[in-house]
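Input: a single structure, listed below in structure tokens.
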Amino acid sequence: MWMTFYVALLAVLLLQVHAQPGFISIDCGAEAGVNYTDTLGINYVSDANFTNTGVRSTISSEEISRHSQRQLLRLRSFPEGKRNCYKISVTRGSKYLIRTLFLYGNYDVRNMSPQFDLHLGPNLWDTVTIHNASSYQSNEIIHVPLQDFVQICLVNTGNGTPFITAIELRILKNNTYVTESGSLKRYRRYDLGSNRSYRYSVDVYDRFWYVWDKKNWTKLSASIPDNSLIENDYRLGATIMSTAVTPANGSAPLVISWEAENETEEFYMYMHFTEIQVLTTNQTRQFNIRRNGESGWWFQNFSPLYHNVTTLYTPSAISGKVITYSLEMTKNSTLPPIINAIEIYKLKQFHQSETFQEDVDAITSIKSVYGLTRDWEGDPCAPAAYLWDGLNCTYGDNEVPRITTLNLGSSGLSGKINPSISKLTMLENLDLSNNNLSGEVPDFLIQLQHLKILNLEKNNLSGSIPSSLIAKSHEGSLSLSVGQNPNLCESGQCNETKKKNIVTPIVVSICGVLILLIAVAILWICKRKKSKDSVAVNHQNKISQQSTEKDDSFLQHKSQMYSYIDVLQITNNFNRIIGKGGFGTVYLGFIDETPVAVKMLSPSAVHGYQQFQAEVKVLIRVHHKNLTSLIGYCNEGTNKALIYEYMAKGNLREHLSGKYNESPFLSWKERLRVAVDAALGLEYLQNGCKPPIIHRDVKSANILLDGHFQAKLSDFGLSKVVPVDGASHVSTIVAGTFGYLDPHYHSSNRLTQKSDVYSFGVVLLEIITNQSVMAGNEENGHISERVRSMIPTGDIRAIVDSRLEGNFDINSAWKALEIAMACVSPNPNERPMMSVVVIELQESLATELARTEHNNGGDPRYSVAEGSEDLDTEFMPFAR
Ligand SMILES: *[C@@H]1O[C@H](CO)[C@@H](O)[C@H](O)[C@H]1NC(C)=O
Ligand SMILES: *[C@@H]1O[C@H](CO)[C@@H](O)[C@H](O)[C@H]1NC(C)=O
Ligand SMILES: *[C@@H]1O[C@H](CO)[C@@H](O)[C@H](O)[C@H]1NC(C)=O
Ligand SMILES: *[C@@H]1O[C@H](CO)[C@@H](O)[C@H](O)[C@H]1NC(C)=O
Ligand SMILES: *[C@@H]1O[C@H](CO)[C@@H](O)[C@H](O)[C@H]1NC(C)=O
Ligand SMILES: *[C@@H]1O[C@H](CO)[C@@H](O)[C@H](O)[C@H]1NC(C)=O
Ligand SMILES: *[C@@H]1O[C@H](CO)[C@@H](O)[C@H](O)[C@H]1NC(C)=O
Ligand SMILES: *[C@@H]1O[C@H](CO)[C@@H](O)[C@H](O)[C@H]1NC(C)=O
Ligand SMILES: *[C@@H]1O[C@H](CO)[C@@H](O)[C@H](O)[C@H]1NC(C)=O
Ligand SMILES: *[C@@H]1O[C@H](CO)[C@@H](O)[C@H](O)[C@H]1NC(C)=O
């Protein structure tokens with residue numbers, strides 16, 4: 001008894017395991033985890049593991065009674081999203097029959113048959129039009145997947161909600177249904193002579209066979225025992241082959257013909273023959289086959305073999321308005337032609353390649369690791385119309401798309417930076433900023449050889465940045481942003497604090513003496529402008545390029561110029577980033593124990609050797625207490641560096657944004673001091689230098705503060721070193737920062753000193769209001785527009801930064817605002833000269849000082865300048 005039980009159990013197991021090799025049968029809309037064998041003996045599973053979207057539904061109750069097959073009763077509809085997909089694992093390179101089934105069954109009780117597109121991967125497979133709500137319809141395609149999955153997508157074309165009832169995949173032998181290229185869409189498949197349709201298990205491949213009756217055909221049938229039919233690789237089986245047709249009129253040809261919808265359509269025809277009658281010795285069945293009225297025979301003197309299947313086809317396609325195959329008996333034949341089954345396919349060329357599989361695998365894994373709930377469905381890159389949000393890809397002609405951009409900024413990512421990212425080997429731009437990523441900046445990012453932009457800002461990353469990344473960054477091949485990661489320290493710096501002491505002595509020995517000499521020389525060459533001399537004496541302090549040229553001693557040149565090796569030593573191998581700007585990354589360095597800021601310029605952004613050298617020499621001579629001093633430079637091939645004095649207290653933008661959280665600094669008085677300082681620096685560039693220097697990138701982030709909170713304008717003159725025109729990739733940064741850029745420059749393309757005045761006005765507005773420069777939409781989002789709209793209210797307290805809590809002199813604030821608004825006048829001619837701005841700001845400061853302090857320290861820098869009235873001509877204050 002136990003024996004019987006085991007045998008029975010074994011039989012069941014064998015049946016289930018070996019029942020349908022190569023079959024994948026998915027009951028769409030079935031409950032997750034469902035796994036059953038239907039009445040045909042096919043094992044169906046729920047679609048829950050193949051798609052993440054859609055809604056499960058059941059056909060209407062009256063329709064249920066009409067259908068016996070369980071997989072037809074449920075369906076999945078996709079009311080949301082334009083493209084929804086199933087992703088099914090397959091064996092790459094195998095030949096699959098892929099079938100989708102649709103039974104509307106009025107599941108949504110709307111009695112509206114939808115129409116939608118069916119995509120196979122990135123390509124349109126078919127348009128599904130529901131003809132009859134009560135009967136199921138199917139689409140089949142014979143296709144060789146080039147990846148180890150296929151994606152079947154339903155695309156909403158605006159004609160109703162897409163849905164699907166079942167998906168079935170069957171592996172075929174790959175020497176069958178051969179085409180020169182392309183896939184085969186089922187057009188017709190007939191079991192000729194049969195009275196009913198078949199599928200599995202009559203057909204081991206579960207092809208759907210249909211009935212085709214024509215009046216002038218005679219049906220033949222015979223019984224062929226299963227084991228007596230000699231099959232070929234098409235494996236049609238005894239049942240399909242046991243019926244056939246012949247012409248009703250014995251001598252007439254047997255004609256199979258159909259009309260193409262479009263003459264450009266290409267068809268493949270497969271004819272399956274076997275002799276089902278036992279012929280006597282004096283009987284012959286022999287025929288020729290003519291195609292499309294061609295003069296020659298397509299196939300000649302063919303006699304089907306008894307119970308031995310022959311399939312006739314040609315490996316090239318046929319097309320035409322009407323396609324006709326005519327089977328005509330030969331003279332020797334005593335019997336009419338016979339045919340048992342035919343299959344007609346339309347050639348479907350899929351031109352759009354799927355995205356490179358490793359990219360797909362990587363992005364899929366990234367999606368799942370971070371639990372992204374984006375509408376990321378189907379192929380990531382293709383077709384381009386359905387490109388996943390946050391990606392960008394390359395699409396060469398006939399090339400496999402590759403992912404080049406991954407933007408997951410502000411996506412709520414947490415955990416570590418996932419290694420799958422390194423598998424996106426063509427990645428050029430990676431943005432993971434503004435998430436909650438933790439852990440280290442991984443080494444594997446360096447494997448991304450094409451990476452040009454890496455933004456890791458505003459996360460919670462810790463440890464040290466791999467030195468390889470930093471090296472790439474200072475080479476200029478990588479734009480690396482790592483700011484606002486509180487626990488992230490620079491490479492090699494984490495546990496070593498003494499390093500700078502090792503480096504500096506070496507540097508000192510090389511350069512120490514020279515630096516001293518430069519300092520002296522600079523003092524001598526470029527006379528300092530005393531701020532209390534103010535406007536009137538400016539013109540006597542101009543820098544003359546010509547006159548100083550001769551005076552430059554060889555020694556000075558040498559000493560201002562550093563080798564790349566020097567730079568490495570000064571910055572201790574670039575181990576501490578202190579800033580990042582449009583021109584490059586800024587590193588902390590030490591020369592003779594004096595901290596310096598070393599700016600590594602992106603090599604692609606810099607002029608040729610000669611010009612760089614010439615411009616930098618000019619900049620080195622520009623000296624003013626409100627301009628950051630350029631101490632030296634390095635110019636070795638692509639390694640171009642500028643060495644500035646180190647500004648210990650960061651930049652104005654950071655202070656305004658509250659980064660330092662210091663309370664006294666943000667006082668109105670201190671703000672005005674910074675404004676006056678910056679204005680003095682800019683005024684010196686315009687009036688104290690010959691030729692005048694247009695800054696082109698005045699902004700709060702370029703106003704730096706030294707240890708005594710004295711403000712200095714930085715990055716001046718860089719637009720000369722770094723080209724503005726003809727290098728679009730840097731011009732947006734160099735020619736100005738969005739929001740600070742003179743709108744008149746936009747329209748006229750002419751950059752003047754008044755463009756810098758405009759930018760300065762924007763900075764002033766920031767200082768006054770502490771609002772962001774751009775907000776909301778572009779139209780009304782600019783700080784000047786927002787402030788302008790508030791002026792008529794006359795409420796200065798509503799305009800000035802609320803963090804000041806009204807702690808300022810009203811007149812002083814109005815004065816500053818007037819100046820700012822004049823600076824941002826759309827018409828450059830209405831903008832004041834910087835000399836006027838300086839005087840007005842000093843007045844504003846004096847007013848505030850009078851309010852706050854019994855003694856204002858008598859600081860001459862901030863006293864009101866005399867004789868400013870005559871300069872007021874260009875200054876048009878607004879009414880208030
Ligand atoms: C479904 O059940 C059968 C029999 O238990 C099992 O062999 C098969 O692996 C299951 N299929 C899936 C997809 O779980
Ligand atoms: C679906 O996935 C779950 C978990 O991943 C697994 O346990 C289950 O066997 C899968 N079911 C089918 C039918 O593949
Ligand atoms: C034929 O299919 C098998 C798997 O079914 C595969 O391993 C083989 O590479 C295929 N042959 C060709 C020529 O594609
Ligand atoms: C729709 O299909 C059902 C079931 O196959 C059939 O009975 C009915 O006649 C069809 N209706 C039309 C309009 O073809
Ligand atoms: C069979 O009938 C069709 C029309 O139904 C006709 O076009 C065709 O020529 C006929 N063929 C023969 C062999 O009589
Ligand atoms: C036939 O197909 C071609 C190519 O797809 C297309 O350009 C043409 O418009 C089609 N003609 C008709 C009548 O549909
Ligand atoms: C064929 O041969 C058989 C005898 O072998 C004979 O009875 C029959 O009449 C012949 N038929 C024809 C068409 O010649
Ligand atoms: C079946 O037909 C093929 C040719 O189509 C032939 O090579 C084979 O020998 C035949 N088999 C038998 C048993 O006659
Ligand atoms: C037709 O029959 C004749 C004589 O019976 C024979 O010589 C010839 O080869 C046959 N033709 C074909 C194509 O079988
Ligand atoms: C993708 O890259 C191309 C070429 O670089 C660019 O033109 C396009 O705007 C980018 N698309 C998106 C969505 O970023």
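Numbering of ligands and ligand atoms starts at 1, following listing order.
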Minimum non-hydrogen distance to atom 11 (N) of ligand 10, winning option of Thr405, Asn392, Leu391, Leu387: Asn392
Pick from Asn232, Thr274, Leu305: the one approaching atom 4 (C) of ligand 8 most closely through a non-hydrogen atom: Leu305
More than 12 heavy atoms of other groups within 6.0 Å of Glu294 CD: yes
Over 12 non-hydrogen atoms of neighbours within 6.0 angstrom of NZ in Lys219: yes
Minimum heavy-atom distance between Asp206 and Leu97, given as atom pair plus value: O-CD2, 4.3 Å
Which atom of Ile338 lies closest to which atom of Leu327, heavy atoms considered: O-CD2, 4.2 Å
Any protein heavy atom nearer than 4.0 Å to atom 14 (O) of ligand 6: yes
Protein contact for atom 7 (O) of ligand 8 (heavy atom, distance under 4.0 Å): no
Proximal ligand 6 atoms for Thr264, defined as those under 4.0 Å from one of its heavy atoms: 1 (C), 2 (O), 3 (C), 4 (C)
Proximal atoms of ligand 8 relative to Ile230 (non-hydrogen, under 4.0 Å): 12 (C), 13 (C)
Residues Thr176, Arg235; criterion side chain to side chain donor-acceptor pair (under 3.5 Å); working and verdict: CA-CA 10 Å; Thr176 60; Arg235 307 220 26 214; over 6 Å; no
Identity and separation of the nearest protein heavy atom to atom 1 (C) of ligand 8: Asn308 ND2, 1.5 Å
Distance-only donor-acceptor check, side chains Asp233 and Asn175, under 3.5 Å: yes
Asn262 N/O under 3.5 Å from ligand 6 N/O: yes
